[in-house]
Protein chains: 2
Amino acid sequence: MGLTKTEHFTAEQNKVAVLLKALGHPARVAIIGHLLKAKSCVCGDIVVELPLAQATVSQHLKELKKAGIIKGTVAGSAICYCLDEKAFDYLNRYFSALLSGVREQDTTCC
Amino acid sequence: MGLTKTEHFTAEQNKVAVLLKALGHPARVAIIGHLLKAKSCVCGDIVVELPLAQATVSQHLKELKKAGIIKGTVAGSAICYCLDEKAFDYLNRYFSALLSGVREQDTTCC
DNA sequence: TCTTTTCATCGTAATATTACGATGAATATT
DNA sequence: AATATTCATCGTAATATTACGATGAAAAGA
């Protein structure tokens with residue numbers, strides 16, 4: 001078993017899950033933080049900032065790119081990464097809708 | 001290897017990662033949706049709504065509870081689950097801050 | 001051209017996750 | 001008391017993730 005049954009869920013549910021799963025790792029949360037702080041797009045600087053080997057960081061960046069959270073463009077021998085606004089816009093909408101939904105509930109039980 | 005190096009990251013980064021990892025599965029996104037729609041807190045109804053076995057749903061609920069996303073209270077022979085507003089408030093703040101940060105960036109590269 | 005820098009990818013080991021049947025504990029119903 | 005319902009947990013198999021060293025490709029600098 002051990003295989004996520006994505007086919008039984010809606011496209012929306014899967015999209016949210018893919019984005020959040022990609023962000024569900026402290027190293028990747030840290031990467032997002034660094035990409036946000038750096039005015040220009042950071043490249044190998046991310047490796048220096050993290051307590052992880054270069055290969056591991058590269059793998060994390062690949063995951064983030066696959067999920068559509070970051071974009072990468074070649075810039076000479078380096079690669080320039082930046083956050084994809086669309087993803088964060090989507091997630092911001094998702095959570096703000098969710099929060100107002102939760103607040104509207106009649107919390108008679110828990 | 002294969003062991004996440006949580007100790008090298010900040011408490012904030014780990015907290016965000018734990019919450020998002022818990023939500024990074026379509027079944028758990030679906031559970032959140034059902035708990036939101038149901039006026040009263042659903043219990044075993046979640047099992048009926050999902051294409052998964054009861055043991056699997058129970059495991060997912062456990063994960064959500066461990067991460068602090070849902071609360072559960074005993075109600076006779078059933079158990080009443082509901083969303084924990086604190087978690088969604090936290091995540092809503094996180095993403096809304098992130099989004100405004102992204103929008104303020106000078107996107108000269110990607 | 002030769003070397004260095006930068007990053008991706010491969011291979012691999014350790015660990016974690018996902019899913020389900022089976023079983024068990026606890027409350028409700030008869 | 002006997003049975004049914006509800007849910008958690010155990011055990012287990014399949015799959016995925018995490019991490020890193022080693023290697024390779026591609027552009028920059030000597």
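Scope of the values below: all heavy atoms of this structure, side chains included, with no hydrogens, waters or symmetry mates. Since the model is a prediction, treat every value here as computed from it, not as a measurement. Chain A is the first sequence line, chain B the second, and so forth, proteins listed ahead of strands; every chain is numbered from 1.
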Show the atom names and distances, to 0.1 Å, of all donor-acceptor pairs under 3.5 Å that link a side chain in residues 18-25 of chain A to residues at least two apart or in another chain.
unit_1	atom_1	unit_2	atom_2	d
A:His25	ND1	A:Ala27	N	3.0

Nearest-Å distance, [atom1] ([X]) to [atom2] ([N])?
X       : N     : atom1 : atom2 : result
A:Ile46 : C:dT6 : CD1   : C1'   : 13 Å
A:Ile70 : C:dC7 : CD1   : P     : 12 Å
B:Ile31 : D:dC7 : CD1   : C1'   : 13 Å
B:Leu50 : D:dC7 : CG    : P     : 13 Å
A:Leu61 : C:dT6 : CG    : C1'   : 13 Å

Query raised in the report: Is the shortest distance from a Lys or Arg side-chain nitrogen in B:Arg28 or B:Glu63 to a carboxylate oxygen in the other one below 4.0 Å?
Result: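 No salt bridge links B:Arg28 with B:Glu63.
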Query - SB check B:Asp84 B:Lys65 (cutoff 4.0 Å) - result: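 Between B:Lys65 and B:Asp84 there is no salt bridge, as every charged N stays at least 4.0 Å from the carboxylate O atoms.
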Query raised in the report: Where each residue is assigned the nucleotide of DNA chain D containing its nearest heavy atom, which of A:Val74 and A:Arg28 is assigned the position nearer the 5′ end?
Result: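 That would be A:Arg28.
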Report task. Quick one: pull up CD1 in B:Ile69 and CG in B:Leu61 and give me the separation to the nearest 0.5 Å. Result ->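 B:Ile69 CD1 to B:Leu61 CG: 11.5 Å, rounded to 0.5 Å.
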Query raised in the report: Does B:Tyr90 have B:Lys15 sitting over its ring (NZ/CZ under 6.0 Å from centre, angle to axis within 45°)?
Result: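 Judged by the rule (NZ or CZ under 6.0 Å from the ring centre, within 45° of its axis), B:Lys15 counts as positioned above B:Tyr90.
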**Report entry** Near-strand residues of residues 14-23 of chain B, defined as heavy-atom separation under 4.0 angstrom from DNA chain C
**Finding:**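 Within this stretch, B:Lys21 sit under 4.0 Å of the strand.
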Query raised in the report: Got a sec, which residues hit ring pair (Phe, Tyr, Trp, His ring centres under 6.0 Å) with B:Phe95, two or more places apart in sequence or on another chain?
Result: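 Applying ring pair (Phe, Tyr, Trp, His ring centres under 6.0 Å) to B:Phe95 gives A:Phe95.
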Query raised in the report: Which residues pass the ring pair (Phe, Tyr, Trp, His ring centres under 6.0 Å) test with B:Phe9, sequence neighbours left out?
Result: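 Partners of B:Phe9 under the ring pair (Phe, Tyr, Trp, His ring centres under 6.0 Å) test: none.
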Query raised in the report: Heavy-atom distance under 4.5 Å between the side chains of B:Leu35 and B:Ile46, does that happen here?
Result: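 Heavy-atom side-chain distance check passes, below 4.5 Å.
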**Report entry** Contact pattern, 5' to 3', of nucleotides 19-24 of chain D - B, S or - by protein heavy atom under 4.0 Å
**Finding:** BBBB--
Would you name the heavy atoms of [X] and [Y] that are closest together and state the gap between them?
X       : Y        : result
B:Ser96 : B:Ser100 : O-OG, 2.7 Å
B:Lys5  : A:Pro51  : NZ-O, 3.9 Å
B:Val57 : B:Leu50  : CG2-CD1, 4.1 Å

Distances under 3.5 Å between protein N/O atoms and the N/O atoms of nucleotides 2-6 of chain D, please, pair by pair.
none

